[in-house]
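Input: a single structure, listed below in structure tokens.
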Amino acid sequence: MLDKFFEKLKIIFQDRSLRNRILFVIGALAVFRLAAAVPLPNVDMAKLQGYLAGSDFLGILDIFSGGGLSNLSILMLGVSPYITASIIFQLLTLIFPMLKELYHEEGEAGRKKIAQYSRLLTVPLAAFQGFGMLVLLERNGILGNLAMFDRLLNIFLVVAGSLLAMWIGELISEYGIGNGVSLIIFAGIVSSLPTYAREIYLGFTPDMLPLYLAFTLIMIAVIVGVVIITEGERPIAVTYAKRVRGMKVYGGMSTYLPIRVNNAGVMPIIFALSILLFPQMIINFLASSTNAFLVGLVSFIGYVINNLWIYGFLYFVLVFLFTYFYSAVTFDPESVSENLQKSGAFIPGVRPGRSTAEYIANILYRLTLIGAIFLGVMAILPLILQQVTGIRAMAIGGTSLLIVVSVAIEFIKQIEAQISMREY
């Protein structure tokens, strides 16, 4: 085991292209962390830390900002607006045939156009979210009473910071290894893990030792479960038809098509959290309204969010649905069936064409059901632990741990894929 590990490290350091990709990721994340330490003007840091300590909403938003919100930096929103914009356009590809055709049939060029639309939508979303957050912080005395020019300047800085985070994420995806947005969130979580550990440590009392041991065992079980589900796959046997050309016979070999239990990775949890942040932002934005309808709306949304059972149910449903949605976007059985038919391959016992697409789709949906239920349970488990223990850090730390493990596995797999390519 150790020999293989050191052998892979040797390949990484010897291969210039792979080494540069990894160094680029490290450098880009270092730039992001430096930018996350640049605060907005007129911030009362003492009040900010006290306010963050009592808000689960801001704690989760801090995960998406890569730690930028805890410093109230220019990156206070992080990649949250970009994630929301991406969700909106991916949902629209399922609703509008024109966008669906653009995404699936025009290949890389079509996906680049949709990515460009997502970037453009990020600007108004960042402005809306930034304005709401700044108003909330100003009302709570964290930001001083600002003049109109200063308020507009802060909104401009927040929007610019979101675009910078988006740009760094896309550069990592293009010139580095792995998904840039996921790695930015990963870096922010890793940097804040000591804070969560400190909160859990300060809340420790001798009579809580069994509870802490149970929490540790549950987290270990979660890590093992995430690894098993992420690595799990169902191989489908594929045979290539024999072709005779002159005196030689080509094809006739057998291989397999792997379908993963969880095609979506950690993205459903990131998507679900991003969607759940919107109602909470609306509450904060409309909190001081005197309109009867808006007051009633804020009360209803507040009741839904503060009720653990309703909030947990919505969280589970969103993770479940986004797992299916992301699998449908990233893995198209019809395209796979068409490619197999074009290359002269078939699944033994299944007719090529539509029957093959239906066969693959049935397997995909059954496997995705297992992955979706697992991710949904893992997502709400930290909320249950928080309710049982009363320790807020367990909820945010548990969600963070789930994201960190999934992103780390995906990053390692990307590196191994690069190493395998170079070995061949």
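Numbers here are sequence positions counted from 1.
By the 4.5 Å heavy-atom criterion applied to side chains, Phe313 and Ile380 are not counted as neighbours. Taking the side chain as every heavy atom from C-beta outward, Met76 and Val158 approach each other to under 4.5 Å. Contact annotation: the side chain of Ile22 approaches that of Ile415 to within less than 4.5 Å [non-hydrogen atoms, C-beta and beyond]. The side-chain heavy atoms of Ile363 and Tyr359, taken from C-beta on, include a pair separated by under 4.5 Å. Between Tyr82 and Leu121, the closest side-chain pair of non-hydrogen atoms is not below 4.5 Å. At a threshold of 4.5 Å between non-hydrogen side-chain atoms, the residues Asn179 and Ile172 do not count as touching. Counting heavy atoms from C-beta on, the side chains of Trp167 and Arg119 never come closer than 4.5 Å. Using a 4.5 Å cut-off on side-chain heavy atoms (C-beta onward), Ile87 and Phe322 make contact.
One distance of note links OH of Tyr175 with CD of Glu170; it measures 11.0 Å at 0.5 Å rounding. Of the inter-residue distances, the one linking Leu340 atom CG with Thr239 atom OG1 reads 10.5 Å to the nearest 0.5 angstrom. How far CG of Leu153 is from CG of Leu40: 8.5 Å, rounded to the nearest 0.5 Å. Expressed to the nearest 0.5 Å, how far CG of Leu364 lies from CG of Leu369 amounts to 11.0 Å. Here the straight-line distance linking atom CD1 of Ile177 with atom CD of Glu410 works out to 12.0 Å at 0.5 Å rounding. Here the straight-line distance linking atom CG of Asn262 with atom CD1 of Ile228 works out to 13.5 Å at 0.5 Å rounding.
The backbone N or O of Ile114 sits less than 3.5 Å from a side-chain atom of Ser118, completing a donor-acceptor pair. Put simply, the side chain of Thr323 gets close to the backbone of Val319: a donor and an acceptor are under 3.5 Å apart. Using a distance-only test at 3.5 Å, with no hydrogens or angles considered, no donor-acceptor pair links the side chain of Ser162 to the main chain of Leu77. Judged purely by atom type and a 3.5 angstrom limit, Ser73 has no side-chain atom pairing as donor or acceptor with the backbone of Ala37.
For Phe89, the CZ atom counts as densely surrounded, since its 6.0 Å shell holds more than 12 non-hydrogen atoms of other residues, nucleotides or ligands. Counting heavy-atom neighbours within 6.0 Å of Arg19 CZ, excluding the residue itself, gives a total above 12.
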Candidate pair Glu334 and Arg354, rule salt bridge (charged side-chain N to carboxylate O under 4.0 Å, His left out), full reasoning: CA-CA 7 Å; Glu334 291 186 5; Arg354 185 174 182 81; 5.1 Å; no
Worked check of side chain to side chain contact (heavy atoms under 4.5 Å, CB included) between Val181 and Met166: CA-CA 7 Å; Val181 171; Met166 176 190 72; over 6 Å; no
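Residue Val159 is tested with Asn154, Leu164, Val123 for a side-chain contact (heavy atoms from CB on, under 4.5 Å); the sole match is Val123. Evaluated for a side-chain contact (heavy atoms from CB on, under 4.5 Å) with Ile83, the options Thr122, Ile185, Leu125 yield exactly one hit, Ile185.
A pairwise comparison of heavy atoms in Gln414 and Gly178 identifies CG-CA, 4.1 Å as the closest pair. Nearest heavy-atom pair, Ala35 versus Leu75, reported as atom, atom and distance to 0.1 Å: CB-CD1, 3.5 Å. A pairwise comparison of heavy atoms in Gly176 and Val25 identifies CA-CG2, 3.7 Å as the closest pair. Taking each heavy atom of Arg234 and Leu367 in turn, the nearest pair found is CB-CD1, 3.3 Å.
Relative orientation of the Tyr324 and Phe320 rings is tilted, given thresholds of 30° and 60° on the angle between their planes.
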